[in-house]
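For reference, the structure discussed in these notes is given below.
Chain identifiers are assigned alphabetically (A, B, ...) following the order of the sequence lines, protein sequences preceding nucleic acid strands; residue numbering begins at 1 within each chain.
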Number of protein chains: 2
Amino acid sequence: MAMSETQTSPDLADPTPKQRDIAEAATRLFMAQGYAAVSMDAIARAAGVSKATLYAYFASKDRLFASLIGTACTRTGTTSLEFSEGEVDLRGALTQLGDRMLRFMLEPQSLAIYRVVMAEAARFPELGRAFYDRGAGASRRRLAAWLEQQMQAGRLLARDPGLAAEQFVGLLRTHLHMRALLGIDPPPSDAEIETTVAAAVETFLRAYAPAA
Amino acid sequence: MAMSETQTSPDLADPTPKQRDIAEAATRLFMAQGYAAVSMDAIARAAGVSKATLYAYFASKDRLFASLIGTACTRTGTTSLEFSEGEVDLRGALTQLGDRMLRFMLEPQSLAIYRVVMAEAARFPELGRAFYDRGAGASRRRLAAWLEQQMQAGRLLARDPGLAAEQFVGLLRTHLHMRALLGIDPPPSDAEIETTVAAAVETFLRAYAPAA
DNA sequence: GTCTATAGAAGGATAGAC
DNA sequence: GTCTATCCTTCTATAGAC
């Protein structure tokens with residue numbers, strides 16, 4: 001539980017096939033069921049190895065979980081958002097950006113990692129930080145920088161770009177997202193997503209567009 | 001696990017002292033640690049009763065959890081939001097409303113229940129529904145109805161009031177909320193909250209205020 | 001490195017005394 | 001109704017054979 005740094009962590013950069021099997025099975029199970037509900041037995045079974053092999057690669061359940069979820073945070077953090085440079089159709093750019101971000105947030109993978117990190121952030125504080133810094137926080141930084149460019153170019157009103165970025169994301173993250181997180185209804189349709197994005201862009205532009 | 005409805009559930013409307021002790025202890029533990037991480041032993045110990053007594057009141061761990069968290073959803077769902085009637089200082093009303101909603105969302109209790117319901121919604125689907133219907137969904141309905149009144153009175157542009165309500169809440173739920181959920185930093189200061197609310201109201205009004 | 005087998009602790013749930 | 005004591009299962013982790 002102390003998560004000491006002395007033990008060998010497997011080199012996930014160059015995994016053996018078994019390491020890959022273990023990592024994939026364990027990640028899938030942890031994301032679906034959370035930390036406490038998944039046993040090392042279940043992981044070993046799902047990975048097709050024995051528990052002894054599992055423990056040969058990962059010193060403990062704690063470290064296995066922290067390592068895998070941390071890695072998952074990094075992987076999902078690298079969502080490539082493309083920010084148009086130079087002269088820009090602002091509405092089009094925001095729509096494309098919003099569409100990409102919202103679809104990403106609604107992916108089962110994203111929802112699962114969000115759920116599990118939130119649930120375990122108290123027990124694994126470094127996961128909360130990793131998730132934020134590599135995920136939402138990183139997106140915020142990049143979006144804020146891009147919005148600041150647009151502000152300096154006079155295409156948006158000069159406001160706090162960080163706050164503007166958060167507001168844009170907030171406008172995207174309507175109850176569509178919450179309901180998906182809660183597993184209340186089937187995945188939203190393309191039409192619902194497009195409606196939400198268009199409305200977010202519309203509101204954002206009405207608030208941030210310079211007076212014509 | 002099947003959560004059948006045949007078993008006696010304790011009457012939580014008129015609880016004995018022991019029922020109260022059990023309910024309080026178990027709710028606190030479940031909210032802090034999640035379903036799987038809390039043992040019936042731990043609950044019995046925290047409540048000052050034996051496990052047998054625990055099982056005299058609740059047929060299983062499943063039912064104990066579902067009953068308590070469902071109750072907690074109902075309790076927190078009844079956040080009294082006051083909606084000003086008649087002629088209204090719209091900015092003032094929205095600011096007051098936003099302040100109240102954001103502070104409520106940032107309360108440790110609210111964050112804890114949000115986390116645990118998200119984490120367990122797959123195993124306890126009725127909890128996801130209860131949480132939404134009695135919490136965010138109910139607020140949305142009431143806020144949407146109030147916004148619709150304002151729209152009909154000509155104080156706001158006529159738009160989809162449900163979407164407008166979600167956007168207002170989305171503007172409030174910035175990274176302040178996410179960081180609090182992830183336990184990343186200490187509770188936000190009054191100043192941070194007020195800034196966030198003021199910015200949300202400003203953006204919302206710029207988008208929804210009729211042309212002067 | 002990988003397995004089978006198992007130790008030792010903790011889990012949910014119950015029997016039986018009072 | 002409440003307790004103590006216990007059953008059986010499952011858990012994490014490891015020893016020892018190959």
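Remark: A:A207 engages B:T203, B:R206 in a side chain to side chain contact (heavy atoms under 4.5 Å, CB included) (not counting sequence neighbours). Contacts of B:K61 classified as side chain to side chain donor-acceptor pair (under 3.5 Å), with partners at least two apart in sequence or in another chain: none. Under the side chain to side chain donor-acceptor pair (under 3.5 Å) criterion, A:Q109 pairs with no residue at all, not counting sequence neighbours. Scored by the side chain to side chain donor-acceptor pair (under 3.5 Å) test, B:R115 finds no partners at all (sequence neighbours excluded). Scored by the side chain to side chain donor-acceptor pair (under 3.5 Å) test, B:R141 finds no partners at all (sequence neighbours excluded).
Between the CD1 atom of B:I22 and the C1' atom of D:dT2 there is a distance of 11 Å, given to the nearest Å. Rounded to an integer number of Å, the gap from NZ of A:K61 to C1' of C:dG11 is 12 Å. Between the P atom of D:dC11 and the CD1 atom of A:I43 lies a distance of 11 Å, rounded to the nearest Å. Here C:dA10 presents its P atom at 10 Å from CG of B:D41, a figure rounded to the nearest Å. C:dG1 atom C1' lies 14 Å from atom CG of A:L54, rounded to whole Å. Spacing between atom CD of B:Q33 and atom P of C:dG11 amounts to 11 Å, rounded to whole angstrom units. D:dC11 atom C1' lies 16 Å from atom CG of A:L29, rounded to whole Å. One can place CZ of A:R45 at 12 Å from C1' of D:dC11, the figure rounded to the nearest angstrom.
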Distances for protein N/O vs nucleotides 3-6 of chain C N/O pairs under 3.5 angstrom?
{"from": "C:dC3", "atom 1": "OP2", "to": "A:S50", "atom 2": "N", "distance (Å)": "3.0"}
{"from": "C:dC3", "atom 1": "OP2", "to": "A:S50", "atom 2": "OG", "distance (Å)": "3.2"}
{"from": "C:dC3", "atom 1": "OP2", "to": "A:T53", "atom 2": "OG1", "distance (Å)": "2.4"}

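Distances shown here put every side-chain N or O of B:Y55 at or beyond 4.0 Å from the OP1 or OP2 atom of C:dT14. In this model, the phosphate group of D:dT2 is approached by a side-chain N or O of B:Y57 to a distance below 4.0 Å at OP1 or OP2.
B:L111 approaches B:L106 most closely through the heavy-atom pair CD1-O, 3.5 Å.
Note on residues 180-190 of chain B: pairs passing salt bridge (Lys or Arg N to Asp or Glu O under 4.0 Å), not counting sequence neighbours, are B:R103-B:D190, B:R179-B:D185. Among residues at least two apart or in separate chains, ring-ring contact (aromatic ring centres under 6.0 Å, His included) pairs with a member in residues 183-207 of chain B are B:F168-B:F204, B:F204-B:Y208.
More than 12 heavy atoms of other residues, nucleotides or ligands shown are found within 6.0 angstrom of CD on A:E202.
Relative to the axis of its first five pairs, the axis of the last five pairs of the helix from C:dG1-D:dC18 to C:dC18-D:dG1 sits at 10°, rounded to 10 degrees.
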